[in-house]
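Remember, predicted model here, so these are calculated numbers, not experimental data. Here is how names work: the chains are called A, B, and so on, in the same order as the sequence lines, proteins then strands, and each is numbered from 1.
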2 protein chains.
Amino acid sequence: MISPSTRRAAAKPNAEPPLSRDAVVDRGLAIADTEGLSGVSIRRIAQDFGVTPMALYWHVKNKDELLDAMGDRILEVIQIPSEQTALGSDGLRQLLSVLIDALRRHPGCTTLAQARILQCDTGRQLAEQALRILRDSGFSVQQSSNLARAALQTALVLVADRPGAETAVPEEERDAVMAGKRAALHNLPADRFPNLVECADSLTDCPDESEYYAEGIELYIAGVQSLARRRVVTAG
Amino acid sequence: MISPSTRRAAAKPNAEPPLSRDAVVDRGLAIADTEGLSGVSIRRIAQDFGVTPMALYWHVKNKDELLDAMGDRILEVIQIPSEQTALGSDGLRQLLSVLIDALRRHPGCTTLAQARILQCDTGRQLAEQALRILRDSGFSVQQSSNLARAALQTALVLVADRPGAETAVPEEERDAVMAGKRAALHNLPADRFPNLVECADSLTDCPDESEYYAEGIELYIAGVQSLARRRVVTAG
DNA sequence: ACCTGAACACCGTTCAAGT
DNA sequence: ACCTGAACACCGTTCAAGT
């Protein structure tokens, strides 16, 4: 007696995994990671599974729903910090940190996660915690909303636009594209753009990723703390 | 003797403007404004001009070049503040403000402007000024680069993701889409998501745009000032 | 329950040809 | 210099049909 998986492997040497909603979503993320989000298409995924494009429509309503599911998947891996540990500005730091860690697994797909952040449970928990911390700090409903949005956007932008990321371009071309941009800055007229020339390398490369993210988080936190102090002084 | 423009108007009641590179770029922006960026296509623009799609390829190399030109056009209108007026953190505020004003004219196209900011002259002047101010404040090359990038991204995100903007969706559907999102937040279980429910309206609507932008700018400035003070204390 | 074939309405783009 | 016709290789999606 041959198991189904063995039979499949025998029939197809290039052992494609069985078609399923989860497998389709994972394949979409894998394509986006290596070739950019524009490389993701129903037909392309079908081809990777050795199946006709219309087969996917059994597992997924349409392409929009697939993209939504990819966004949800990115956020699903997040372990929400408990309410006890996530207090004050250090709580905000933690929330930003766990979100960034999740997004970094698929840096070319941050827009998908952004679209789903208030639609999926993990994203809602993240937003709820951020709002709670900000409200507890004394910010108004309107300010807390805007600051919570700014927190999420900070994480998204830090990952999506990390210097030298070039996630929109296929993997093999990324180095070349980045080198081109850097050269363009270096070749700028030094009399008109002295600072751009001086900063050419540091604008296009990220020598220390963990420092980069830590400083990006810190800029946001410092801003929030500063606004909180002003609030106390003004309203107090 | 009939002038060319009269002849054209007579031949076609729906007086299409003459085809030109500038006109094509403007049409692209107009379509993006009303129908979202995904509504912009070579074939659609050609149709608007009453011309065959291939006619556009005389005025524009390909679609990527068209999108680049649209991004450049958005940034071209910016009046760069003079070096004298743009000093210190107030200079950064001014730079953010002029950039935001330009982006607000085409809120669905911020990604196009983002891609061109270090490639077109206006964008480079903006970046150069920001870097100069940050360097003058004592930040290192690496920090100034990251903070200047953060400034540009702050402007882009404030405009692109303004609550209730929904720029990806055609104009007529925007109200309905936003109302749906708001309702979803209101209907969340109040025991699990008390703050999301409380903030439902302010997360999905922007009652006062100029206050929204002013506070967004202030968050960034407050962060930079706070980091600058720390720098002095630590290094000083 | 799960997949295929044929068809439709869209894309961007090339290339030779027209005026 | 500026535009067209025909063709190609892609999309997403529907719908009836197969097993």
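- Distance CG (Leu66(B)) to P (dC11(C)): 14 Å, rounded to an integer number of Å.
- Salt bridge annotation for Arg116(B)-Asp68(B): present, with a cationic side-chain nitrogen under 4.0 angstrom from a carboxylate oxygen.
- Taking only side-chain atoms of Pro53(B), from C-beta outward, the nucleotide of dT13(C), dC3(D), dT13(D) with the closest atom is dT13(C).
- Of the candidates dT13(C), dG12(D), dG5(D), dG12(D) carries the atom nearest the Tyr57(A) side chain, counting heavy atoms from C-beta on.
- Atom CH2 of Trp58(A) is separated from atom C1' of dC2(C) by 6 Å (rounded to the nearest Å).
- Judged by distance alone, the side chains of Asp161(B) and Gln114(A) do bring a donor and an acceptor atom under 3.5 Å apart.
- Using modelled atom types and a 3.5 Å distance limit, the side chains of Ser144(A) and Asn146(A) yield no donor-acceptor pair.
- With hydrogens and angles ignored, the 3.5 Å screen pairs no side-chain donor or acceptor of Arg105(B) with any backbone N or O of Ile74(B).
- Counting only Watson-Crick or G-U wobble pairs whose defining distances are both under 3.5 Å, the stems of 3 or more consecutive pairs in DNA chain D are C:4-8 with D:12-16, C:12-16 with D:4-8.
- Checking the phosphate oxygens (OP1, OP2) of dA1(C), no side-chain nitrogen or oxygen of His59(A) falls inside 4.0 Å.
- Among the nucleotides dC3(D), dG12(C), dC2(C), the one closest to any side-chain atom of Leu19(B) is dC3(D).
- Atom-to-atom, CG of Asp64(A) to P of dG12(D) comes out at 11 Å; the value is rounded to the nearest Å.
- Remark: the Arg132(B) side chain and the Gln129(B) side chain contain an N/O donor-acceptor pair separated by less than 3.5 Å.
- Rounded to an integer number of Å, the gap from Lys61(B) NZ to dT13(C) C1' is 12 Å.
- We find that CG of Asn62(A) is positioned 12 Å from C1' of dT14(D), with the value rounded to whole Å.
- Residues from residues 23-44 of chain A with heavy atoms under 4.0 angstrom of DNA chain D, sorted by number: Ser41(A), Ile42(A), Arg43(A).
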Inset, instruction - Dump the intermediate steps for side-chain contact (heavy atoms from CB on, under 4.5 Å) on Leu156(B) and Ile100(B), then the final yes or no. - result: CA-CA 7 Å; Leu156(B) 289 159; Ile100(B) 286 172; over 6 Å; no
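- Between the Glu35(A) side chain and the Glu171(A) main chain, no donor and acceptor come within less than 3.5 Å of each other.
- Atom CD of Gln47(B) is separated from atom C1' of dT4(D) by 17 Å (rounded to the nearest Å).
- Distance alone, capped at 3.5 Å, is enough to place a donor-acceptor pair between the Arg73(A) side chain and the Asp22(A) backbone.
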In residues 191-198 of chain B, what donor-acceptor pairs under 3.5 Å come from side-chain atoms, sequence neighbours left out?
unit_1, atom_1, unit_2, atom_2, d
Arg192(B), NH1, Asp121(A), OD1, 3.0
Arg192(B), NH2, Asp121(A), OD1, 3.3
Arg192(B), NH2, Asp121(A), OD2, 3.1
Asn195(B), ND2, Glu128(A), OE2, 2.9
Glu198(B), OE1, Arg135(A), NE, 3.1
Glu198(B), OE2, Arg135(A), NH2, 3.0

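- Closest contact between the side chain of Met54(A) and the listed nucleotides dC3(D), dA6(D), dT13(D) involves dT13(D).
- Lys63(A) has its NZ atom 12 Å from the C1' atom of dC10(D), to the nearest Å.
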